[in-house]
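See structure below.
Each chain gets a letter, A, B and so on, in the order its sequence line appears, and its residues count up from 1.
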2 protein chains.
Amino acid sequence: MVQPGDNPAERPKAAVMEDVAELAGVSAMTVSRVLNTPEKVRPETRARVLAAVRELDYRPNSAARVLVTGRSGALGVVSFDTILFGPASTLYGIERAARENGYLVSIASLPALTRRSIAEGVDRLRSQSVDGVIVIAPHESAGEGLRHLPAGLPVVDVGGAKDVPVPVAAVDQHAGAVRATRHLLSLGHRTVWHLAGPPNWVESSGRLKGWREALEAEGREVPVPMVGDWTAHSGYEIGKRLAREDGMTAVFAANDHMAMGLLRALREVGRRVPEDVSVVGFDDVPEAAYFWPPLTTVRQNFGEVGRLAFQLLLDRIGGVEGDTRRLVEPELVVRESTGMSS
Amino acid sequence: MVQPGDNPAERPKAAVMEDVAELAGVSAMTVSRVLNTPEKVRPETRARVLAAVRELDYRPNSAARVLVTGRSGALGVVSFDTILFGPASTLYGIERAARENGYLVSIASLPALTRRSIAEGVDRLRSQSVDGVIVIAPHESAGEGLRHLPAGLPVVDVGGAKDVPVPVAAVDQHAGAVRATRHLLSLGHRTVWHLAGPPNWVESSGRLKGWREALEAEGREVPVPMVGDWTAHSGYEIGKRLAREDGMTAVFAANDHMAMGLLRALREVGRRVPEDVSVVGFDDVPEAAYFWPPLTTVRQNFGEVGRLAFQLLLDRIGGVEGDTRRLVEPELVVRESTGMSS
DNA sequence: TTCCTGAGTGTTTGCGATAACAAGTGATGG
DNA sequence: CCATCACTTGTTATCGCAAACACTCAGGAA
């Protein structure tokens, strides 16, 4: 038996369950019970054990626990472009929900958005024994990547395409685009142009479709959409072309940053917003209210999406089946970049 | 011995090392060696084992490995406000560096920035057996939180105050502020006003100090700094007051979003930028070039900070001692929001 | 021949926790 | 007065892997 003192080196190794047990005068099993099912231990014993835990600053070793229980209390998030407002906010929502439920979050950000790298990200997380994985990869290729998953690993997708074979939490992009478009039509504009997001992004398609259908439902002409890449820069470049279009009085931009670039392009060619052209964005980034002019946009509650995704995953981990699809309603925020058609 | 088929239920349990060993006709130890020290195994044996690994889609169980080796190949990040551009970018930089080095990242975001919650975040990560922790908590109170750390856990701080008792990776805020201020003075402005960040944030103090010292070094009058909270909203509110100041021709805002609010406030009272007032921001958020006018600002290379922080942590894990302090130089990006004093 | 060397492989043990089962206590009831 | 039960606590086995040590077998040195 190794006694304290046998070892001349004075490295204060972290206490283990046995140490706590010894100090409290019980068996290790009782310590385990105090930590996991306290109601099964006599109050006095429990108190003694807890005192010992505090005195030794004992922390259960999660690796050992994982090994025997098969559950880690950690979930993984596979994501792309966590610097963007949307993914970052979603991640934050997930993290908060996880924390409140005693879960820890590991992240695997992707170098690129391909089936391969998604599968690889899931794998890296799986090898860390996460209890489940949330994928934030709003690209149509994600569906592919999610089709060949290790069996038995609960996976939830955020903002996924329709055919994703796992539960999905997302903002209703279509509804948001419809709202934005109708808002512009209701101000008297003959039709609405669209500054779309990059192809094959789930949000791009959803917003494009919503915009088109809203126009068609009213029998309006559907202009050719212009395609950007989410950046203010692309909004600016495209905006310069768009600004030359005759009769263009209303634009629905697929996100706020492109709308920002567009605003600048319009200003540079002397088209006033909202007097000459109305602009609607999408996202409601915190600074949208301070654009010039303050941007009318569609607010997405990313935090709520994160919370829903976590809840779905928790259900899955708990054994609930079924390919659920949970949608969050976006909200139109009217500011000063939209006005009556003149 | 349990044979495949003993169990009527057809749950395809994940393969373990023993399964691979059996299929390859070797012992489990040899499999372990193939995975960890391949050069110690005869090539033919190695090939047989690797084939078996692939056939069974075997993944080592990291919990078991952690238990026996004491190292997890995961690091933790404690952070606050991961939605903001700075922390999000830093986190991304860390994640990328970690991935390239085979590390996984767990995050513990803080509900508030206090000594208590920092300590708690570190604890949550420690209980997951991370090999080390990076703290992104640019608040002066972080120093306190870092003073009482579990012994033996390598910790690195990002953007920390001077007295933080652990290695630090950060952008040289002071130098950035000096550069911004000198730039304005060099344009002929008599002095420079400052729209500061919230008190007790490391960045706020660093930028404030740099600004003040740059003015003092030239013997200029030092106006009373106005204090915001990083948001465009606060920049706008304060900007409305600032705009009434007589003789105010140059402002250094402590971040781009406050500068954005300031730009709007100036416009509203009819002061032109840069003709009447010059404005410099800090951060160079991707959309800064599309502000109206395009914002002169100080670019921080957050990705580089993340990389350095990871490197420092890796050194620490490897046993390197010493309280290193690694600074990244910021860069002044001149755009159109600054001009000669009229 | 005998011994040694070292590359390659196998066996045993233990990391720290929990599951499953065992056992001790006192109370209950027939 | 003893069987039985509920409650509390202890004992043993096990999770999957790697460290430490043991073994085998060639080829070369003595």
Side-chain angles (χ1 to χ4, degrees), chain A residues 1-2 6-7 11 13-50 52-53 56-74 126-131 152, chain B residues 1-2 7 11 13-50 52-53 56-74 126-129 131 152:
Chain A
M1 181 66 61
V2 174
D6 277 19
N7 193 325
R11 34 152 191 170
K13 274 190 52 180
V16 300
M17 199 170 259
E18 187 61 42
D19 303 331
V20 176
E22 206 167 317
L23 181 59
V26 297
S27 73
M29 194 62 230
T30 298
V31 176
S32 171
R33 272 190 279 255
V34 168
L35 268 33
N36 298 302
T37 51
E39 73 282 2
K40 292 191 177 172
V41 176
R42 189 147 38 95
E44 305 113 73
T45 315
R46 197 190 308 159
R48 272 214 319 285
V49 170
L50 289 176
V53 165
L56 297 177
D57 190 29
Y58 167 74
R59 314 265 139 187
N61 177 319
S62 84
R65 175 182 278 160
V66 171
L67 193 55
V68 64
T69 62
R71 314 178 98 240
S72 63
R126 181 166 67 125
S127 79
Q128 288 280 322
S129 316
V130 296
D131 294 339
Chain B
M1 184 66 58
V2 174
N7 194 326
R11 33 151 190 173
K13 272 190 54 178
V16 299
M17 200 172 259
E18 186 61 41
D19 303 331
V20 177
E22 206 166 320
L23 181 59
V26 296
S27 74
M29 195 60 232
T30 297
V31 177
S32 172
R33 271 191 278 256
V34 168
L35 268 34
N36 298 302
T37 52
E39 73 282 2
K40 293 192 176 172
V41 176
R42 188 146 39 94
E44 305 112 74
T45 315
R46 197 191 308 160
R48 273 215 319 286
V49 170
L50 288 176
V53 165
L56 297 177
D57 190 29
Y58 167 74
R59 316 262 137 189
N61 178 318
S62 85
R65 176 181 277 161
V66 171
L67 194 54
V68 65
T69 62
R71 313 178 101 239
S72 63
R126 181 165 69 124
S127 79
Q128 289 279 322
S129 318
D131 294 339

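- At distances below 3.5 Å, not a single donor-acceptor pair connects side-chain atoms of T45(A) with backbone N or O atoms of V41(A).
- L35(B) has its CG atom 16 Å from the P atom of dG16(D), to the nearest Å.
- In this structure, CZ of R33(B) is placed 11 Å from P of dT11(C), rounded to the nearest angstrom.
- D131(A) and R71(A) get closest at one heavy-atom pair: OD1-CA, 3.4 Å.
- S72(B) contributes a side-chain N or O that, together with a main-chain N or O of A74(B), makes up a donor-acceptor pair within less than 3.5 Å.
- Side chain of R48(A) to backbone of A24(A): a donor-acceptor contact under 3.5 angstrom is found.
- Along DNA chain C, the nucleotide nearest G25(B) and the nucleotide nearest V31(A) are compared for position; the residue whose nucleotide lies closer to the 5' end is G25(B).
- Contact annotation for V41(B): backbone-only contact, meaning every heavy-atom pair under 4.0 Å involves sugar-phosphate atoms and none involves a base.
- Contact annotation for T69(B): backbone-only contact, meaning every heavy-atom pair under 4.0 Å involves sugar-phosphate atoms and none involves a base.
- Within residues 61-68 of chain A, the residues having any heavy atom closer than 4.0 Å to DNA chain D are, in order of number, L67(A), V68(A).
- dG16(D) atom P lies 17 Å from atom CG of N36(B), rounded to whole Å.
- At least one donor-acceptor pair under 3.5 Å links the side chain of D19(A) to the backbone N or O of V16(A).
- Looking at which nucleotide of DNA chain D each of M29(A) and E39(A) is closest to, the 5′-most match is held by E39(A).
- Contact between the side-chain N/O atoms of T45(B) and the OP1/OP2 oxygens of dT9(C) is found at a separation under 4.0 Å.
- Atom pair K40(A):NZ and dT9(D):P shows a separation of 13 Å (rounding to whole Å applied).
- If you check distances only, the side chain of R59(B) never reaches the base of dG16(D) with a donor-acceptor pair under 3.5 Å.
- Distance M17(A) CE to dT11(D) C1': 15 Å, rounded to the nearest Å.
- One can place CD of E22(A) at 13 Å from P of dG10(D), the figure rounded to the nearest angstrom.
- In plain terms, the two heavy atoms of S129(B) and N61(A) that are nearest each other are OG-OD1, 4.2 Å.
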